Amino acid sequence: MDYFVGLNDPQQEAVRYLDGPLMIIAGAGSGKTKVLTTRIAHLIHKGIDPFQILALTFTNKAAREMKERVEKILDNNEARNLYIGTFHSVFARILRFEANHLGYPNNFTIYDSDDAKSVLKTIIHENNLDDKHYKPSLIYNRISSAKNQLISYIDYAKDFHFQQEDSINNRPMIASLFEFYVKRCFKNGAMDFDDLLYNMYILLKNLPDILNKYQHKFKYILIDEFQDTNPAQYEIIKLLSAVYKNICIVGDDAQSIYSFRGATIKNILQFKNDFSDVKVIKLEQNYRSTKSILHAANGVIIHNKIQIEKALWTENEEGEKIKLIKTKTDNEEGKLVSDTIAELKLRNHFRNRDFAILYRTNAQSRSFEESLRRLNIAYRIYGGISFYQRKEIKDFLSYLRVIVNPMDEENLKHIINYPVRGIGKTTIEKIIQFSNQENISFWESLSRIPEIGFRGMVKNNINEFVLMIKNLQAMLQKNNAYDIAMNMSKTTGLLKELFNDKSIEGVNRYDNIEELLNSIKEFTETQTDEGELQDKRLGSYLQQITLLTDADSDKEDQDVVKLMTIHAAKGLEFPCVFVVGLEEGLFPNIMATYNREDLEEERRLFYVAVTRAKLKLYLSHSNTRYHFGNLQQNDPSRFLDEIPENYIENSYASVNTWTTNVGKSIPKHNIKIPSSGVQSRMKSLEYPLTEFVLETNFIPDDPVKMKIGTEVEHQKFGFGRILNIEGSPSNLVATILFPNFGGEKKIILGYAKLRIIDNSKSKDIENNESIKRL
DNA sequence: TCGGAAATGTTTTTT
DNA sequence: ACATTTCCGA
């Protein structure tokens, strides 16, 4: 067959080996997508019905691409019938169909993590617990991690490790909150992301008929990015593949970077033991990167202890050495990277789309945005707050969700008084009380207004609201998603409310809603594939929309520089890559430096970053960086030292701003008139040394006077004691213990706003020049 | 009960 | 630094 042309031997073998368990260890850039798609095409060519092929990917985008590529190879419509999607979207589809077996409505709502946290917040308050101690996000993470290990709230309460941890942290109520949360979600007819996996497992595990049905439906199963699956996903896969055992997993343990989401590298290491006669094929030839880049990557990953043995190699050119960019500040880092992009465009005729800037945390995008904008270079940031998380979009979708599933109390409460219609807090409280008392849902209570005792305006307002929702619900059967959304936006006054807001943000919000309406229209009008549900209704729309991410709305052909986290860059490749912020504490992130497992994952993350590059790779780090509005000093990342020296070029630095005259170029007293916010933050601090006196003019002392042991005061951190001073005379760095502000901090004395408090407290007004300047 | 001011939290990564 | 939440006065 001609689709074998261009495949190397192991790739061909991986495509041809159709029956029985197959594990493909596919190094970075080894053509694994090509193998997967060709394999699917080959299966279909061999007569396997596409309806019987299930392929699970990590992102919707990967799924879409895979389908397109199979279509291209086969050059017919057969690929349309494939079951390709993410774990979450495929399972959501199945659950939507089978929901009744679990006692859920078919139109169940999917809660994203914001929805889930907001439900948790309510529950925490209902239990009279402090949400400072029982932080919703923390509770959510605990519950999520339990569900990803298929641990129910009952098991959780008995689980030794969870209980021990909770008790050490003095949070004994988590198990109980877990129970409340699960029951509330169920009552609301809602599943969170983890439920899509957990409930899928329960469905298969507890209902043999259904298990049997899907086991036979999916005769051939393929799983991409297997190293990033969690135990729940793996157990489901084991169940589904138990009859035919035609399971093909593709993964690379060196690229496992999602353990924080419950993924475990154990799955890939365990696969060989869990299935018998596993065929293992390694794809070790890299087609993506230059020798320099690949060798550098290999040189780094070798520092990890836990890994499957493999030797990645390439026939590509040697290429240029990797370039190291050093800067003084984070802004300069942005500037230098942008300048380099501009220069490369000019000299080497690269286009914007050839560049990617990859960072560890979303917060790092700012300086690059600014500098790119200054040079008029088009860019796009991926991740961060996605379109669907915007307030106006959430409000809008809340309405649609309530129409589809009025049992969803969370969304119902969200919209009942928006736009304002005179149903206030106390009214809602009363309704909640009534529903608890009668053991009915919030929505059901709304139809029994006289019994609660509402009369007059309140009664009318509620009745009007209920009638409006009911009218919209009446459309559900006959009308498509767009018709209902359009109708809703008019009858609820939502569109009008936004239209009347003529502020810049208001106009923006209106535009966003328009865009959303357009996307709904598109959803109802596009011809779906036969394999998909031919379901243009609102419920179907809502279920898929929650599972979309930023990357999924990518307009492929835009000529823009791409900015994203390394996590988001997984699976992608770019001619020129900048990996930025390579500093201790940031990357490896401070949170990941406490044990070997986390550090190794961090190193794998770096490996992923490096292997995104095809031709040119730049690594940058900055001496100082703002964090929470404070200047911090960071050492270069240890990962930089791990790159073999002969592949990296150290000389690429902004020498003029870096090595020389650090002290001279910076004003000695970098004084800011304290903002009121800072003052009030100080007020709440208590420190035994001295009573804090509120001051409007905070004049720092000359750092020269500060010694180890000196007691100082910082505008934000409060009082502290200098534990250590190091560095060159022009660039002294002090380690200071701030008992009331999280302990030790490293502070550059040249920049710091510190006042000596054990000598004098004199308010020196003479230095006012620098105040005027600011 | 609303809007502005003050206080507080956030930054590790995401389906 | 920025966003969100809470506080407070009219």
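The sequence lines fix the lettering, A, B, ..., with proteins before strands; numbering per chain opens at 1. Keep in mind that what you see is a predicted model, and the values were worked out from it rather than measured.
- DNA chain B is contacted by both A/L548 and A/K135; A/K135 maps to the nucleotide lying nearer its 5′ end (nearest heavy atom per residue).
- The ring pair (Phe, Tyr, Trp, His ring centres under 6.0 Å) check on A/Y359 picks up nothing, with sequence neighbours excluded.
- Remark: A/F368 engages no residue in a ring pair (Phe, Tyr, Trp, His ring centres under 6.0 Å) (not counting sequence neighbours).
- Partners of A/Y104 under the ring pair (Phe, Tyr, Trp, His ring centres under 6.0 Å) rule, at least two apart in sequence or in another chain, are A/F186.
- The separation between A/L197 atom CG and B/dT14 atom P is 18 Å, rounded to whole Å.
- Considering only side-chain N and O atoms, A/T565 lies under 4.0 angstrom from the phosphate OP1 or OP2 of B/dT14.
- Residue A/Y258 is classed as a sugar-phosphate contact, given heavy-atom separations below 4.0 Å to backbone atoms only.
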Could you list all N or O pairs between the protein and nucleotides 6-10 of chain C that sit under 3.5 Å apart?
none

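- In this structure, A/N362 reaches the B/dT14 phosphate: one of its side-chain N or O atoms is under 4.0 Å from OP1 or OP2.
- Whole-Å rounding puts the A/I381 CD1 to B/dT14 P distance at 13 Å.
- Residues forming a ring pair (Phe, Tyr, Trp, His ring centres under 6.0 Å) with A/Y181 (at least two apart in sequence, or on another chain): none.
- One finds the OG atom of A/S519 at 5.0 Å from the CD1 atom of A/I545 (value rounded to the nearest 0.5 Å).
- Residue A/F628 has its side chain nearest to B/dT10 when only B/dT10, B/dT15, B/dT12 are considered.
- Distance CD1 (A/I545) to P (B/dT15): 14 Å, rounded to an integer number of Å.
- Within 4.0 Å (heavy atoms only), A/F58 reaches sugar-phosphate atoms of the nucleic acid but no base atom.
- Side chain of A/Y140, nearest nucleotide from B/dT14, B/dT12, B/dT15: B/dT15.
- A/I84 has its CD1 atom 19 Å from the P atom of B/dT15, to the nearest Å.
- Screening residues 120-129 of chain A for salt bridge (Lys or Arg N to Asp or Glu O under 4.0 Å), with sequence neighbours left out, gives A/E126-A/R184.
- For A/H125 and A/Y134, the ring centers are positioned 6.0 Å apart or more.
- Side-chain N or O atoms of A/T329 include none that pairs as donor or acceptor with a backbone N or O of A/T624 at under 3.5 Å.
- Summarising the geometry, the separation between CG on A/N630 and P on C/dC2 is reported as 13 Å, rounded to the nearest angstrom.
- The side chain of A/A363 sits closest to B/dT11 out of B/dT13, B/dT15, B/dT11.
- When the nucleotides B/dT13, B/dT12, B/dT15 are ranked by their closest atom to the side chain of A/N589, B/dT12 comes out on top.
- Remark: the separation of the P atoms in B/dT13 and C/dT4 is 15 Å, to the nearest Å.
- Taking atom NE2 on A/H627 and atom P on C/dC2, their separation rounds to 15 Å, with Å as the unit.
- Whole-Å rounding puts the A/L605 CG to B/dT13 P distance at 11 Å.
- Atom CD of A/E369 and atom P of C/dC2 are 11 Å apart (whole Å).
- Nearest-nucleotide positions on DNA chain B for A/I590 and A/D194 put A/I590 closer to the 5' end.
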